[in-house]
Engineer: 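To start, I am sharing the structure in question, which I have written as structure tokens.
These figures come from a predicted structure and were not determined experimentally. Along the sequence shown, residues are numbered consecutively beginning with 1.
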Amino acid sequence: SAEYYQLIAIKYGKDIKDRNIYAKALGDLGLVYYNKGNYLAAIDQYMKAKEILEVTKSYRDLTSLYTKLGMIYYDFNDFDKAITAYRNAQ
């Protein structure tokens, strides 16, 4: 399944100490969880990826991540957090 392969990618990124691969795999796992309706797990993965992306200054990936967080907060009807996430995506 997609979750299985993302977990392998996360381990791979960690093992070779490539923060970009690691953060991308975390974000992709978050998307898998989002698509399964497991929003809390998705947020958890996105927040882990966000910490890494802020350090590596991967602004393009951060934009995508904030957009995805905004979608989740919107789905939760937490409009203040959704707006903040969307603004951070700009």
Engineer: Can you name the nearest heavy-atom pair linking Gly30 to Ala42, along with the distance?
Structural biologist: O-CB, 3.2 Å
Engineer: Any non-hydrogen side-chain atom of Val32 less than 4.5 Å from a side-chain atom of Tyr4?
Structural biologist: no
Engineer: Flag the pair Asp61 / Lys24 as yes when at least one side-chain heavy-atom distance between them is below 4.5 Å, and no otherwise.
Structural biologist: no
Engineer: Do any N or O atoms from the side chain of Tyr86 and from the backbone of Met71 form a donor-acceptor pair under 3.5 angstrom?
Structural biologist: yes
Engineer: Are Tyr73 and Phe79 side-chain neighbours, meaning at least one heavy-atom pair lies under 4.5 Å?
Structural biologist: no
Engineer: Hey, does Leu26 have a side-chain heavy atom less than 4.5 Å from the side chain of Leu29?
Structural biologist: no
Engineer: Locate the shortest heavy-atom distance separating Thr63 from Ala89; write the atom from each residue and the value.
Structural biologist: CG2-O, 3.0 Å
Engineer: Which heavy atom of Gly27 sits nearest to which heavy atom of Ala49, and what is that distance?
Structural biologist: N-CB, 4.0 Å
Engineer: Which value, rounded to the nearest 0.5 Å, describes the distance between Asp18 atom CG and Thr56 atom OG1?
Structural biologist: 9.5 Å
Engineer: Which heavy-atom pair separates Ile21 from Ala9 by the least distance, and what is that distance?
Structural biologist: CG2-O, 4.1 Å
Engineer: Students often mix this up, so state it plainly: with edges at 30° and 60°, are the rings of Phe76 and Tyr39 parallel, tilted or perpendicular?
Structural biologist: perpendicular
Engineer: Could you tell me whether the side chain of Tyr46 reaches within less than 4.5 Å of the side chain of Tyr34, counting heavy atoms only?
Structural biologist: yes
Engineer: Can Tyr5 and Asp28 be counted as having a side-chain donor-acceptor contact under 3.5 angstrom?
Structural biologist: no
Engineer: Would a single hydrophobic cluster contain both Ile10 and Leu31, if residues Ile, Leu, Val, Met, Phe, Trp and Tyr are joined by side-chain heavy-atom contacts under 4.5 Å?
Structural biologist: no
Engineer: Enter the distance from Asp15:CG to Ile8:CD1 here, rounded to the nearest 0.5 Å.
Structural biologist: 11.5 Å
Engineer: Is the shortest heavy-atom distance from the side chain of Lys11 to the side chain of Leu7 under 4.5 Å?
Structural biologist: no
Engineer: With the side chain counted from C-beta on, respond yes when Ile16 and Tyr12 share a heavy-atom pair under 4.5 Å apart, and no when they do not.
Structural biologist: yes
Engineer: Does some side-chain heavy atom of Gln6 sit less than 4.5 Å from a side-chain heavy atom of Gln45?
Structural biologist: no
Engineer: At their closest point, which heavy atom of Tyr33 faces which heavy atom of Ala41, and how far apart are they?
Structural biologist: CD1-CB, 3.5 Å
Engineer: To the nearest 0.5 Å, tell me how far Lys17 NZ sits from Tyr22 OH.
Structural biologist: 12.0 Å
Engineer: Any link between Leu53 and Tyr59 through a network of hydrophobic side chains (Ile, Leu, Val, Met, Phe, Trp, Tyr) touching at under 4.5 Å?
Structural biologist: yes
Engineer: Hey, what do you get for CE (Met47) to CG (Leu65), rounding to the nearest 0.5 Å?
Structural biologist: 8.5 Å
